[in-house]
Structure formats: structure tokens, C-alpha cells
Student: 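Take a look at this one; I'll ask things after.
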Amino acid sequence: MVVSTALATMDYTPVHHDTALARAQGSKDIFLNILTTMGLVERYVTDWAGPRSVIRSIDVKLGVPAYAGDRLTFSGTVVAGAGERLTVEVRGRVSLGEHATGTVTLETQ
């Protein structure tokens with residue numbers, strides 16, 4: 001998944017597909033790129049909110065790397081809501097700690 005999503009997002013940075021080079025640069029292994037992480041955050045929220053939901057804004061900060069073979073687990077909490085507009089705080093964790101934290105504002109239908 002790490003390699004295929006990096007290539008699908010046209011991110012040819014070697015640390016996302018070349019294990020030897022990633023390790024030579026001090027990394028434990030190859031790791032997810034930001035576009036993949038953002039896509040997974042969006043998918044987590046829209047899977048919860050339903051197929052007719054529309055994301056209006058997203059603000060995510062990266063933390064520790066999500067290495068190949070590690071499990072990335074998401075959790076979320078609605079922190080604000082008015083009518084059909086909700087703000088969800090999202091956290092993505094791996095074995096090293098928080099990989100991604102942020103908020104997603106969406107409209108549900």
C-alpha cells in the first residue's frame with residue numbers, strides 16, 4: 001500500500017518506495033506520504049458520515065511516520081455541530097504514537 005499509493009499520487013520520493021534508500025537516510029523503513037494520509041483521513045470521516053457527506057475543510061498535522069507493515073488506526077470525535085455542518089477531530093495512531101491529528105469539517109445530508 002505504501003508504494004502503490006505513493007506512485008498513484010505521483011510522489012516518486014525514494015523514502016516512499018525504496019527500502020534501502022529510506023534506511024540509508026536514517027528511516028526504519030518506507031513510510032506513507034502526506035497525500036495518502038490525507039486520503040485515509042477523508043475516507044475515515046466519509047465512511048462514518050455516509051456517502052452523501054461533503055468535506056468542506058480539512059486541517060491535518062503529521063506526527064510520527066506510518067511505516068510499511070505498521071497498523072494505522074483512526075478514531076474521531078464530533079467537537080462541533082450546527083445543523084448539517086459538523087467538525088470532527090480525527091487521530092490516526094501507529095505503534096510509535098500519533099501519525100496524524102486534525103479536524104475535518106463536513107456537511108451531512
Side-chain angles (χ1 to χ4, degrees):
M1 182 177 152
V2 173
V3 174
S4 64
T5 55
L7 296 176
T9 59
M10 296 190 290
D11 184 344
Y12 305 115
T13 308
V15 295
H16 300 306
H17 64 83
D18 186 328
T19 301
L21 196 134
R23 288 180 178 159
Q25 292 185 3
S27 184
K28 175 183 161 188
D29 202 345
I30 58 174
F31 51 90
L32 289 180
N33 70 357
I34 183 65
L35 294 173
T36 300
T37 298
M38 296 295 283
L40 293 170
V41 167
E42 291 175 10
R43 177 69 186 263
Y44 172 76
V45 172
T46 57
D47 277 0
W48 167 77
R52 297 184 68 203
S53 61
V54 177
I55 292 178
R56 296 298 182 196
S57 69
I58 184 167
D59 180 25
V60 173
K61 292 183 174 87
L62 290 181
V64 299
Y67 290 116
D70 203 352
R71 181 179 303 265
L72 175 57
T73 305
F74 286 99
S75 62
T77 304
V78 176
V79 294
E84 296 177 346
R85 185 171 281 243
L86 301 173
T87 300
V88 180
E89 183 179 89
V90 178
R91 297 189 179 280
R93 294 189 54 84
V94 293
S95 63
L96 294 174
E98 291 193 342
H99 169 64
T101 57
T103 56
V104 178
T105 301
L106 66 146
E107 290 180 6
T108 60
Q109 313 238 340

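All values below were derived from every heavy atom in this structure, side-chain atoms included, with hydrogens, water molecules and symmetry-related copies excluded. Note that the structure is a prediction, hence the values are computed from the model and not measured.
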Student: Go through the steps to decide whether L35 and H16 satisfy the test side chain to side chain contact (heavy atoms under 4.5 Å, CB included), and finish with yes or no.
Tutor: CA-CA 12 Å; L35 294 173; H16 300 306; over 6 Å; no

Student: With sequence neighbours excluded, tell me which residues meet side-chain hydrogen bond (donor to acceptor under 3.5 Å, both in side chains) with T37.
Tutor: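 Listed in chain order: H99.
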
Student: List in chain and number order the residues that pass side-chain hydrogen bond (donor to acceptor under 3.5 Å, both in side chains) with R91, two or more places apart in sequence or in another chain; answer none if no residue qualifies.
Tutor: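 Listed in chain order: E98.
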
Student: Roughly how far apart are T105 OG1 and R56 CZ, rounded to 0.5 Å?
Tutor: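 Between atom OG1 of T105 and atom CZ of R56 there are 11.0 Å.
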
Student: Decide yes or no on side chain to side chain contact (heavy atoms under 4.5 Å, CB included) for Y44 and E42, but give the supporting numbers first.
Tutor: CA-CA 5 Å; Y44 172 76; E42 291 175 10; over 6 Å; no

Student: Looking only at side chains, do S53 and T108 share a donor and an acceptor under 3.5 Å apart?
Tutor: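 Note: S53 and T108 side chains miss the donor-acceptor criterion.
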
Student: If you round to the nearest 0.5 Å, how far is CD of E89 from OG1 of T77?
Tutor: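 Reported value, rounded in 0.5 Å steps: 6.0 Å.
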
Student: What's the spacing between F31 CZ and L62 CG if we round to 0.5 Å?
Tutor: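 The CZ atom of F31 sits 9.5 Å away from the CG atom of L62.
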
Student: Start with the C-alpha distance between V90 and F74, add both sets of side-chain angles, then the distance that settles side chain to side chain contact (heavy atoms under 4.5 Å, CB included), and finish with yes or no.
Tutor: CA-CA 7 Å; V90 178; F74 286 99; 3.9 Å; yes

Student: Calculate, to the nearest 0.5 Å, the distance between atoms CG and OG1 belonging to L106 and T87 respectively.
Tutor: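 These two atoms lie 8.0 Å from each other.
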
Student: For N33, what residues pass the side-chain hydrogen bond (donor to acceptor under 3.5 Å, both in side chains) criterion, not counting sequence neighbours?
Tutor: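 Partners of N33 by the side-chain hydrogen bond (donor to acceptor under 3.5 Å, both in side chains) criterion, ordered by chain and then number, come out as T9, D11, T36.
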
Student: Specify the closest pair of heavy atoms between H17 and Y12, including all atoms of both residues, with the distance to one decimal.
Tutor: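 Reported closest heavy-atom pair: NE2-O, 3.2 Å.
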
Student: Restricting to non-hydrogen atoms, name the atom on P65 and the atom on L96 that form the minimum distance, rounded to 0.1 Å.
Tutor: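 Shortest heavy-atom separation between P65 and L96 comes out as O-CD1, 4.4 Å.
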
Student: So, R23 side chain and K28 main chain: donor-acceptor pair closer than 3.5 Å or not?
Tutor: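 Indeed, once roles are kept as given, a pair shorter than 3.5 Å links the two residues.
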
Student: Taking all non-hydrogen atoms of both residues into account, name the closest pair between V60 and A100 and its distance.
Tutor: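 Closest approach of V60 to A100, heavy atoms only: CG1-CB, 3.9 Å.
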
Student: Work out which heavy atom in D29 is nearest to a heavy atom in A22; give both atom names and the distance.
Tutor: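 Nearest heavy atoms, D29 then A22: O-CB, 3.8 Å.
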
Student: If every non-hydrogen atom of S95 is compared with every non-hydrogen atom of D70, which pair is closest and at what distance?
Tutor: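 Minimum heavy-atom contact is OG-OD2, 2.8 Å.
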
Student: Can you find a heavy atom in the side chain of R71 that is under 4.5 Å from one in the side chain of V94?
Tutor: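 They are not in contact (no side-chain heavy atoms under 4.5 Å apart), so the answer is no.
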
Student: Distance check, rounded to the nearest 0.5 Å: I30 atom CD1 versus T19 atom OG1?
Tutor: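 So the gap between those two atoms works out to 4.5 Å.
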
Student: State, with a plain yes or no, whether a side-chain heavy atom of L32 is found less than 4.5 Å away from one of L40.
Tutor: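 In contact.
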
